[in-house]
Amino acid sequence: MPSDIAIPVATKATPSIQILNGRFDRLSAHQTVEELVRATRARERGVLSTVNVAILMMMRSDPRLQRFVDTSRWTVADGQPLVWASHLWRQPLPERVAGIDLIDQLCARAADEGFGVYFLGADRDTVRVAVNVLQARHRGLSVCGYADGYFGPEQAEARAKAIAESGADLLFVAMGVPRQEYFIDEQWKNLGARIVIGVGGSFDVIAGRRKRAPPFIQRAGLEWAYRLAQEPRRLFRRYLITNSQFLGLISRNAVARAFHLQSPIPRP
Ligand code: UDP
């Protein structure tokens with residue numbers, strides 16, 4: 001059934017698990033893509049949030065971001081450390097679901113299914129190159145439009161309405177966290193698109209402006225260190241704070257569980 005608001009967490013359709021302050025759907029990357037294809041075909045609407053450790057910790061001090069993720073229809077774990085942490089529970093997450101991989105996999109399915117896609121975010125040149133790359137990779141991909149993510153609050157509504165008028169089914173917003181979440185939250189009623197996903201800095205990577213960590217670094221849970229090495233000045237404080245906070249909270253949780261101070265059974 002079509003709905004105009006992001007469905008609250010209590011009605012999550014897929015099995016989920018609570019890790020600290022985040023509730024994650026227990027879906028593999030493949031299942032996530034198929035669930036989004038199903039929802040688009042059924043003309044449902046919803047937001048998918050991709051959450052990594054830094055975002056999970058950011059949510060703790062940003063009630064608006066916390067609420068946005070809590071009310072997202074789907075939330076997936078975009079980081080190996082979250083998948084490891086989920087093993088403290090009886091029904092862990094099957095695997096990491098990275099936002100940047102979702103873009104590729106969904107574009108492939110969108111081309112098959114005839115879904116229209118819109119890309120919002122990054123600077124004008126980067127988003128254009130990213131769209132060209134994706135169109136070259138996925139023959140028949142229907143790009144309803146694209147636009148850069150640099151605009152003031154007075155332009156937000158017009159940007160959202162342009163997306164609705166484009167008729168796009170899927171919308172990727174790559175404006176960084178929490179900027180993209182605030183935009184989606186504020187403009188949800190104007191956006192029109194059925195499935196909306198915030199994908200951080202993914203367009204920079206697709207356009208070749210920023211390098212993604214090699215797979216072995218991703219599997220080792222060290223993607224953050226790779227990014228830190230690329231932009232040490234900007235990211236040092238962010239990763240130092242969020243990683244140590246996460247480690248502290250998860251260790252406390254593990255100790256509590258070991259001493260049966262908390263129920264190991266995931267909430268339904
Ligand atoms: N970005 C944007 N609009 C803005 C600021 C940033 O579209 O007002 C884009 C930026 O070009 C980049 C992406 O958002 O492609 C992620 O930005 P950044 O690396 O600053 O965010 P982070 O991933 O560090 O949170």
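Numbers for residues simply follow the sequence, beginning at 1.
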- Message: Working note: Gln105 + Val97, criterion side-chain contact (heavy atoms from CB on, under 4.5 Å); need CA distance, chi angles, decisive distance, verdict.
- Response: CA-CA 11 Å; Gln105 290 159 6; Val97 182; over 6 Å; no
- Walk me through it: do Glu186 and Arg64 pass the test salt bridge (Lys or Arg N to Asp or Glu O under 4.0 Å)? CA-CA 11 Å; Glu186 214 176 85; Arg64 189 172 174 195; 3.6 Å; yes
- Query: Given Cys107 and Ile103, is the side-chain contact (heavy atoms from CB on, under 4.5 Å) satisfied, shown in steps?
  - Reply: CA-CA 6 Å; Cys107 283; Ile103 298 180; 4.2 Å; yes
- Report the C-alpha distance between Leu48 and Thr32 in whole Å, list the side-chain angles of each, state the deciding distance to 0.1 Å, and finish with yes or no for side-chain contact (heavy atoms from CB on, under 4.5 Å). CA-CA 10 Å; Leu48 179 136; Thr32 305; 3.6 Å; yes
- Trace of the side-chain contact (heavy atoms from CB on, under 4.5 Å) decision for Val196 with Phe172: CA-CA 6 Å; Val196 181; Phe172 295 108; over 6 Å; no
- Stepwise salt bridge (Lys or Arg N to Asp or Glu O under 4.0 Å) check, Arg41 with Glu113: CA-CA 9 Å; Arg41 276 197 201 134; Glu113 299 274 338; 2.7 Å; yes
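In the model, His138 has no side-chain atom that pairs as donor or acceptor with a side-chain atom of Asp112 under 3.5 Å. Side-chain N/O atoms of Gln187 and Arg159 include no donor and acceptor closer than 3.5 Å. Side-chain contact check for Asp25 and Thr75: no donor-acceptor pair (N or O, by modelled atom type) lies under 3.5 Å. In summary, the side chains of Asp70 and Gln66 do present a donor paired with an acceptor at a separation below 3.5 Å, with no hydrogens or angles considered. Side-chain N/O atoms of Ser16 and Arg23 include a donor and acceptor closer than 3.5 Å.
Between Asp204 and Arg209 there is no salt bridge, since none of the side-chain N atoms of the basic residue sits less than 4.0 Å from a carboxylate O of the acidic one. Using a cut-off of 4.0 Å between Lys/Arg side-chain N and Asp/Glu carboxylate O, Arg96 and Glu223 are scored as salt-bridged.
Closest approach of Ser49 and Phe68 over heavy atoms only: OG-CE2, 3.6 Å. Closest non-hydrogen pair, Arg128 versus Tyr146, comes out as CG-OH, 3.3 Å. Considering every non-hydrogen atom in both Pro178 and Leu65, the closest pair reads CB-CD1, 4.1 Å. The shortest heavy-atom contact between Ala147 and Tyr118 is CB-OH, 3.8 Å.
Counting only residues at least two apart or on different chains, the ring pair (Phe, Tyr, Trp, His ring centres under 6.0 Å) pairs with a member in residues 192-218 are Phe119-Phe203. Residue pairs that meet the salt bridge (Lys or Arg N to Asp or Glu O under 4.0 Å) test with at least one member in residues 233-245, sequence neighbours left out, are Glu231-Arg234.
By the 4.5 Å heavy-atom criterion applied to side chains, Arg194 and Arg43 are counted as neighbours. Contact of the Leu249 side chain with the Arg252 side chain is registered, since non-hydrogen atoms from C-beta on lie closer than 4.5 Å. At a threshold of 4.5 Å between non-hydrogen side-chain atoms, the residues Phe183 and Phe151 count as touching. Side-chain contact check for Asp78 versus Val76: every heavy-atom pair is 4.5 Å or farther apart. Two residues are said to be in side-chain contact when any heavy atoms from C-beta on lie closer than 4.5 Å; Phe115 and Ile195 fail this criterion. A heavy-atom distance below 4.5 Å is not found between the side chains of Pro92 and Trp84. Two residues are said to be in side-chain contact when any heavy atoms from C-beta on lie closer than 4.5 Å; Met59 and Arg67 fail this criterion. For the pair Met57/Asn21, a side-chain contact is recorded, criterion being any heavy-atom separation below 4.5 Å from C-beta on.
Between the Gln80 side chain and the Leu222 main chain, no donor and acceptor come within less than 3.5 Å of each other. With hydrogens and angles disregarded, a donor-acceptor distance shorter than 3.5 Å links the side chain of Gln180 to the backbone of Gly200. Between the Gln218 side chain and the Ala213 main chain, a donor and an acceptor come within less than 3.5 Å of each other. No donor-acceptor pair closer than 3.5 Å links the side chain of Asn190 to the backbone N or O of Lys161. Between the side chain of Gln135 and the backbone N or O of Asn132 there is no donor-acceptor pair closer than 3.5 Å.
In this structure, Leu82 CG and Leu93 CG are separated by 7.5 Å, a value rounded to the nearest 0.5 Å. Taking CD1 from Ile19 and OG from Ser86, the interatomic distance works out to 5.0 Å, rounded to the nearest 0.5 Å. How far OG of Ser202 is from CG of Asp101: 9.0 Å, rounded to the nearest 0.5 Å. The CZ atom of Arg109 lies 4.0 Å from the CD atom of Glu34; values are rounded to the nearest 0.5 Å. Here the CZ atom belonging to Arg60 is positioned 13.0 Å from the CG atom belonging to Asp62, to the nearest 0.5 angstrom.
Judged as a side-chain contact (heavy atoms from CB on, under 4.5 Å), and not counting sequence neighbours, Ala162 has no contacts.
Residue Val205 is grouped with residue Val127 when hydrophobic side chains (ILVMFWY) are merged at heavy-atom distances under 4.5 angstrom, including chains of intermediate members. Linking Ile, Leu, Val, Met, Phe, Trp and Tyr residues whenever their side-chain heavy atoms come within less than 4.5 Å leaves Ile100 and Leu228 in two separate clusters. When the side chains of ILVMFWY residues are joined at heavy-atom separations under 4.5 Å, either directly or via intervening members, Val133 and Ile197 end up in a single hydrophobic cluster. Hydrophobic clustering (ILVMFWY, side-chain heavy atoms < 4.5 Å, transitive): Phe246 and Ile55 are in one cluster. Hydrophobic clustering (side-chain heavy atoms under 4.5 Å, transitive across Ile, Leu, Val, Met, Phe, Trp, Tyr) keeps Val199 apart from Trp224.
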Would you be so kind as to tabulate the donor-acceptor pairs closer than 3.5 Å made by side chains of residues 163-170, with sequence neighbours excluded?
{"unit_1": "Ser166", "atom_1": "OG", "unit_2": "Ile163", "atom_2": "O", "d": "2.6"}
{"unit_1": "Ser166", "atom_1": "OG", "unit_2": "Ala168", "atom_2": "N", "d": "3.3"}
{"unit_1": "Asp169", "atom_1": "OD2", "unit_2": "Gly116", "atom_2": "N", "d": "2.8"}

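Cation-pi check for Arg227 over Tyr239 is not met; the charged atom does not lie both under 6.0 angstrom from the ring centroid and within 45 degrees of its normal. By the 6.0 Å and 45° rule, Arg26 does not stack over the aromatic ring of Trp89.
Residue Tyr150 is found outside any hydrophobic cluster, as its side-chain heavy atoms come under 4.5 Å of no other Ile, Leu, Val, Met, Phe, Trp or Tyr. Connectivity analysis of hydrophobic side chains (ILVMFWY, heavy atoms under 4.5 Å, direct or indirect) links Val83 to nothing; its cluster partners are none.
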